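Data block below; observations after.
In the text below, chain A, chain B and the rest are named by the order of the sequence lines, each starting its count at 1. In this text the structure is predicted, and so the values were computed from the model without any measurement.
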Number of protein chains: 2
Amino acid sequence: MTDRTGRVFDALADPNRRYVLEALASRETATATELAAELPVTRQAVAKHLAALNEAGLVESQRRGRETLYQLTPAPLGAAMDWMASVGAEWDARLAALRKHLRNRRS
Amino acid sequence: MTDRTGRVFDALADPNRRYVLEALASRETATATELAAELPVTRQAVAKHLAALNEAGLVESQRRGRETLYQLTPAPLGAAMDWMASVGAEWDARLAALRKHLRNRRS
DNA sequence: GTAATGTGCAACCTGTCGGTTGCGTCTAGT
DNA sequence: ACTAGACGCAACCGACAGGTTGCACATTAC
């Protein structure tokens, strides 16, 4: 798996970061101060989270005047989902093989 | 989102833990000492990771004699994927609406 | 021009996480 | 019975992540 996918999971591991993603998903765009108003942490904490999300490629920033707007970029979610799906699928295949094997032995 | 999904992301955030999952996906079953042999850490470290994975519902343990076998339980991955899919989908919908709005304004 | 608003940066604190070491226990082999 | 292998538990440690405070800088409003 690529290292980028690792950073996605790392970004998703924090509850506040997940809330930020949900908020951005329903909002088109938002500033750090706006998001901080809905969370029990300071603006700087939110700014750090946004930096982490940006590092993971989940968010893009765009400065307009004195405020910087953040916007969701959900593409890396796909790669992460692919990894999970592959792990699950491989295991499912093993399980199916095992079941078949047991059925054959029993008969 | 349920708190259980949060623990899944938390579990997936560590590279060694992801390696353990991959190993279990290709192996049906494995012990902590076996897995530790393939990783640059001690058995106890792997045991802690397996405990975390178990806490997240991604792994089940089963003691047989003097060794405990670990086995993948990929079900919680589904819930985590659902969360990601919903965030991505909501954003996609917003983006589509924005595109339509822009196209209407331009015409 | 000046005050207010919004940011970014840096230092600092604290808890937790990943990891190790040490030890006691249980099971399997001989 | 005794030794070796596999565990679990607990204490300990270093590093880093999340958070706060303080401050300087840029941009808007009056």
Side-chain angles (χ1 to χ4, degrees), chain A residues 1 3-24 27-72 76 80, chain B residues 1 3-24 27-71 80:
Chain A
M1 100 181 274
D3 170 60
R4 191 158 192 84
T5 314
R7 273 185 292 202
V8 172
F9 285 130
D10 222 31
L12 262 41
D14 184 85
N16 286 334
R17 236 135 44 195
R18 286 195 301 270
Y19 180 85
V20 166
L21 288 184
E22 289 177 351
L24 284 180
R27 217 194 227 74
E28 290 285 2
T29 187
T31 75
T33 359
E34 283 175 13
L35 293 169
E38 312 173 19
L39 283 169
V41 294
T42 34
R43 171 188 62 87
Q44 286 85 342
V46 176
K48 281 191 186 180
H49 286 311
L50 286 168
L53 292 172
N54 181 47
E55 190 73 14
L58 290 168
V59 137
E60 274 183 358
S61 70
Q62 171 194 4
R63 184 136 202 183
R64 199 181 57 186
R66 70 178 158 186
E67 59 188 5
T68 78
L69 304 177
Y70 288 89
Q71 175 180 220
L72 194 58
Chain B
M1 103 182 269
D3 171 58
R4 189 158 194 85
T5 312
R7 273 185 292 202
V8 172
F9 286 130
D10 222 31
L12 262 42
D14 184 84
N16 286 334
R17 236 136 44 196
R18 285 195 301 270
Y19 180 85
V20 166
L21 288 184
E22 289 177 351
L24 285 179
R27 217 194 229 72
E28 289 286 0
T29 186
T31 75
T33 2
E34 283 174 13
L35 294 169
E38 314 173 19
L39 283 168
V41 296
T42 36
R43 171 188 62 89
Q44 286 84 343
V46 176
K48 280 191 186 180
H49 286 311
L50 285 168
L53 291 172
N54 180 47
E55 190 74 14
L58 290 168
V59 137
E60 275 184 356
S61 70
Q62 170 194 3
R63 184 135 202 184
R64 198 182 57 186
R66 71 176 157 185
E67 58 189 6
T68 77
L69 304 177
Y70 288 88
Q71 175 179 220

Minimum heavy-atom distance A:Thr29-A:Glu34, with the two atoms named: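 Nearest pair, atom of A:Thr29 first, then A:Glu34: O-OE1, 4.4 Å.
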For the backbone of B:Ala36 and the side chain of B:Arg43, can you confirm whether one donor and one acceptor N or O come within less than 3.5 Å of each other?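 Checking the backbone N and O of B:Ala36 against the side chain of B:Arg43, no donor-acceptor pair under 3.5 Å is found.
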Heavy-atom donor-acceptor pair, B:Arg18 side chain to B:Leu12 backbone, under 3.5 Å: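 Looks like yes, one N/O pair under 3.5 Å.
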In whole angstrom, give the distance that lies between atom [atom1] of [X] and atom [atom2] of [N].
X: A:Glu67; N: C:dG6; atom1: CD; atom2: P; value: 8 Å
X: A:Asn16; N: D:dT20; atom1: CG; atom2: C1'; value: 14 Å
X: B:Arg64; N: C:dC26; atom1: CZ; atom2: C1'; value: 16 Å
X: B:Arg66; N: C:dT27; atom1: CZ; atom2: C1'; value: 6 Å
X: A:Glu34; N: C:dT5; atom1: CD; atom2: P; value: 15 Å
X: B:Asp14; N: C:dC17; atom1: CG; atom2: C1'; value: 9 Å

Output side-chain donor-acceptor pairs under 3.5 Å for residues 56-71 of chain B, partner residues at least two apart or in another chain, one line each.
none

Within residues 41-58 of chain B, which residues have any heavy atom lying less than 4.0 Å from an atom of DNA chain C?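 Within residues 41-58 of chain B, the residues near DNA chain C are B:Val41, B:Thr42, B:Gln44, B:Ala45, B:Lys48, B:His49.
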At under 4.0 Å, does any side-chain N or O of B:Arg17 touch on OP1 or OP2 of C:dG18?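 Yes, within the criterion.
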Between B:Arg7 and B:Asp3, is any pair of side-chain heavy atoms under 4.5 Å apart?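 When only atoms from C-beta onward are counted, B:Asp3 and B:Arg7 do touch, with a gap below 4.5 Å.
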Is any side-chain heavy atom of B:Val46 closer than 4.5 Å to a side-chain heavy atom of B:Leu50?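 Result yes, sub-4.5 Å side-chain heavy-atom pair found.
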Upstream residue (5' side of DNA chain D) when A:Arg63 and A:Asp10 are each assigned their closest nucleotide: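 Going by which nucleotide is closer to the 5' end, it is A:Asp10.
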